[in-house]
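Numbers for residues simply follow the sequence, beginning at 1. As the structure is a computational prediction, the values presented were derived from the model and not from experiment.
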Amino acid sequence: MSKPIYVIGHRNPDTDSICSAIAYAHLKTALGEHTVPARAGKINAETKYVLDVFGVQPPELILDLYPRAKDVMHENTIAIHPWNTLRKLGQLIKEHNLKSIPVVESDKSLVGIVTVSDLAERYVNELGMQDLRETGVDYAGILQCLGGTLVCGGELSKRIEGHVKIAASRTQTMAKVIQPDDIVLVGDRTSAQLACIEIGVACLIVTGDFAVAPEVVRAARTAGTYIIKAPQDTYTCGRLINQSIPVRKIMKTNVTSFKPDDMVSDIKNSIIRTGYRNYPVVQAGKLVGLIDRDRLIVPERDQIILVDHNERSQAVDGIEEAKIVEIVDHHRLGGLETSEPIFIRHEPVGSTATIVANMHWHRNVAIPQKLAGLLLAAIISDTVLFKSPTATAKDHDTANKLAQIAGLSIQDFGMAMLKAGSVIDKLTPADIVATDLKEFQIGEYYVAISQISVMDPESVLQQQSQIEAALQAICIKEQYNMAILLVTGILDEATYLMFYGQPSGLIATAFGPGRSDGSWFLPGVMSRKKQVVPPLIDAVRRL
């Protein structure tokens with residue numbers, strides 16, 4: 001299945017951002033597109049209450065859109081075990097046209113990597129029959145490489161401790177060449193076979209698929225000698241035995257590997273530095289994929305639908321790495337650029353949910369009861385139960401239709417929802433100033449404006465010194481020129497403003513003289529987008 005299109009709201013998401021993402025993903029799915037709702041930050045108390053009321057899971061959390069190792073790796077990776085033979089390695093390389101193969105244990109733990117050049121170097125350096133004492137070769141490996149038959153012998157896992165010899169000399173002089181514990185290749189010479197057993201060799205390999213005489217088998221069993229019957233000629237058997245060496249003897253154990261969540265930008269730097277063709281991807285020590293250097297050139301970009309925002313500063317990190325395919329929003333245009341024309345639905349209403357609900361009806365897609373409740377909650381939240389000047393007749397009309405579908409009283413449900421979101425007992429000053437935070441470029445200044453709606457603004461105002469310290473911390477960490485907190489009283493329909501940053505005269509120019517404690521009381525102000533940002537833009541022009 002192809003990658004989904006993510007429907008995602010802004011960072012520090014509010015109820016409208018979350019619920020509109022869920023609802024618009026529902027619409028697009030109903031129209032036949034593979035879409036998934038997502039969120040770019042933590043769920044706030046109000047939104048959690050809404051999701052819990054309707055039994056809906058939060059959307060998938062996406063903290064950034066930077067391409068990761070998991071986005072460019074091959075998941076169906078060919079691997080080999082360290083005890084497999086070089087013959088098995090060569091067969092895999094030829095069959096799958098590979099340049100390198102990860103080496104794993106039975107539980108997929110990565111222990112090394114082996115390349116075509118490692119295998120080639122082994123054969124170039126091979127001058128004659130191998131001394132198998134230090135290679136870790138066992139009888140099972142030789143039997144497998146030869147495709148032979150065990151005529152007699154003991155445990156196949158027993159390691160071989162001698163040299164490989166060919167019984168080519170006369171029987172009388174054989175003892176000068178062959179030593180006890182050697183592995184001897186011999187044809188259909190019964191006398192030579194018996195002589196080797198008498199010398200005390202560990203194993204006879206009878207080549208050419210010749211039958212082994214009964215007296216030879218009896219002598220071998222008495223002496224504890226292994227006999228393997230091989231179908232190949234002596235020369236071929238010698239070559240194949242050299243391929244019975246286990247992969248562990250030539251693999252590299254110092255492996256450059258990555259984790260699934262490593263960013264592609266970092267991976268590219270490592271690849272340039274090391275220059276290998278393939279790189280294992282490992283999670284908890286286990287192999288999960290392989291990155292082909294050539295596949296990094298054009299990684300597939302995530303496709304994104306933005307809801308409830310259209311400014312880069314408010315979007316999820318890494319938005320420039322994604323392909324924006326649609327925007328559904330009710331805010332000012334914020335200057336995002338796209339590589340090609342896209343669908344945009346942009347209306348001057350109080351909530352993105354209003355737009356999304358009407359798009360369902362316009363396309364004859366029914367809105368389920370739970371989804372109607374989510375959309376209603378989003379409209380109530382963004383318009384502060386229609387007290388905000390952003391609320392329009394279309395918001396009222398849409399909310400009434402949704403309330404009928406959801407079977408809810410707008411007033412009762414709205415007050416319960418806003419009350420749930422206004423509880424700040426468990427919020428630290430840092431949490432408060434991060435609530436519904438949006439970034440704006442106002443003139444040449446980068447400004448963060450947070451807004452929290454509460455029943456009793458005094459519960460926040462009494463923490464003013466801690467709040468201002470938290471605003472200062474945000475400015476320092478994120479390099480904002482100014483950070484502003486709007487504390488909006490739901491019942492008294494007014495907002496208190498606290499800030500930190502420069503230019504110091506901006507707030508007074510926009511809103512007039514402040515209070516003696518350094519805050520501003522703004523009666524009738526409920527909307528950040530309509531009553532706070534525009535005066536700030538005008539004030540910058542006058543400074």
Side-chain angles (χ1 to χ4, degrees), residues 80-95 101 103 114 116 118-169 174-189 192-197 199-212 216-217 220 223-251:
I80 196 166
H81 299 305
W83 58 85
N84 286 147
T85 64
L86 298 190
R87 180 165 175 76
K88 173 72 170 178
L89 173 64
Q91 290 170 339
L92 285 176
I93 287 173
K94 181 179 179 181
E95 179 182 353
I101 301 180
V103 185
V114 62
V116 171
D118 294 328
L119 192 59
E121 183 180 354
R122 176 78 190 186
Y123 288 131
V124 167
N125 292 335
E126 180 187 300
L127 299 178
M129 299 302 295
Q130 297 294 311
D131 180 355
L132 300 181
R133 287 175 296 180
E134 303 299 327
T135 63
V137 172
D138 58 21
Y139 287 103
I142 289 182
L143 197 63
Q144 181 185 36
C145 281
L146 294 174
T149 304
L150 182 68
V151 176
C152 64
E155 290 292 328
L156 292 178
S157 59
K158 182 178 179 181
R159 296 289 179 89
I160 293 172
E161 300 295 338
H163 290 77
V164 178
K165 304 287 180 63
I166 296 176
S169 57
M174 204 171 289
K176 296 179 180 179
V177 178
I178 295 172
Q179 303 295 321
D181 294 326
D182 281 346
I183 311 300
V184 179
L185 302 175
V186 62
D188 60 343
R189 299 165 57 204
Q193 295 169 2
L194 290 170
C196 288
I197 293 171
I199 291 170
V201 301
C203 177
L204 279 179
I205 298 175
V206 180
T207 64
D209 208 22
F210 292 117
V212 183
V216 175
V217 175
T225 304
Y226 286 73
I227 297 180
I228 295 173
K229 187 173 73 167
Q232 300 88 357
D233 58 44
T234 302
Y235 172 79
T236 303
C237 285
R239 298 292 297 174
L240 289 175
I241 286 175
N242 287 340
Q243 295 179 31
S244 66
I245 295 169
V247 169
R248 72 169 66 90
K249 288 299 177 180
I250 69 167
M251 71 182 187

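- Atom CG in L146 sits 13.0 Å away from atom NZ in K229 (nearest 0.5 Å).
- Rounding to the nearest 0.5 angstrom, the gap separating the OG1 atom in T225 from the CG atom in L204 is 6.5 Å.
- In this structure, the side chain of D182 does not engage the main chain of V184 through any donor-acceptor pair within 3.5 Å.
- Of all heavy-atom pairs between G187 and V206, the closest is O-CG1, 3.9 Å.
- A donor-acceptor pair is defined here as one N or O able to donate and one able to accept, closer than 3.5 Å; such a pair exists between the side chain of K165 and the backbone of V177.
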Determine, step by step, whether L89 and N84 satisfy the side-chain contact (heavy atoms from CB on, under 4.5 Å) criterion, reporting the C-alpha distance in whole Å, the side-chain angles of both residues, the deciding distance to 0.1 Å, and the verdict. CA-CA 7 Å; L89 173 64; N84 286 147; over 6 Å; no
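- Note: Q232 CD to T207 OG1 = 9.0 Å, rounded to the nearest 0.5 Å.
- Contact record, P82 with P246: O-CB, 3.5 Å, taken as the closest heavy-atom pair.
- What you find for P231 and D209 is that their closest heavy atoms are CA-CB, 3.8 Å.
- Y139 pairs with exactly one of K158, E155, R159, Q144 by the side-chain contact (heavy atoms from CB on, under 4.5 Å) rule, that one being K158.
- Taking the side chain as every heavy atom from C-beta outward, L156 and D138 never approach each other to under 4.5 Å.
- Pairing each heavy atom of V216 with each of Q193, the nearest pair is CG2-OE1, 3.4 Å.
- Proximity of I80 to K88: side-chain heavy atoms (C-beta onward) are separated by under 4.5 Å at one or more points.
- Inter-residue side-chain proximity for P180 and V201 is flagged as unmet; no heavy-atom pair is nearer than 4.5 Å.
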L185 and I241: side-chain contact (heavy atoms from CB on, under 4.5 Å), yes or no, with the steps? CA-CA 10 Å; L185 302 175; I241 286 175; 3.6 Å; yes
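- Across A223 and I197, no two heavy atoms sit closer than the pair CB-CG2, 3.8 Å.
- Rounding to the nearest 0.5 angstrom, the gap separating the CD1 atom in I227 from the SG atom in C152 is 4.0 Å.
- Using a 4.5 Å heavy-atom cutoff, the side chains of W83 and R248 are in contact.
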Would I142 and I205 count as a side-chain contact (heavy atoms from CB on, under 4.5 Å) here? Give the steps. CA-CA 10 Å; I142 289 182; I205 298 175; 4.1 Å; yes
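- The backbone N or O of A202 sits nowhere less than 3.5 Å from a side-chain atom of D181 that would complete a donor-acceptor pair.
- I183 contributes atom CD1, which lies 13.0 Å from atom SG of C237 (distance to the nearest 0.5 angstrom).
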Any chance you could lay out the side-chain contact (heavy atoms from CB on, under 4.5 Å) test for H81 and V247, step after step, and finish with the verdict? CA-CA 7 Å; H81 299 305; V247 169; over 6 Å; no
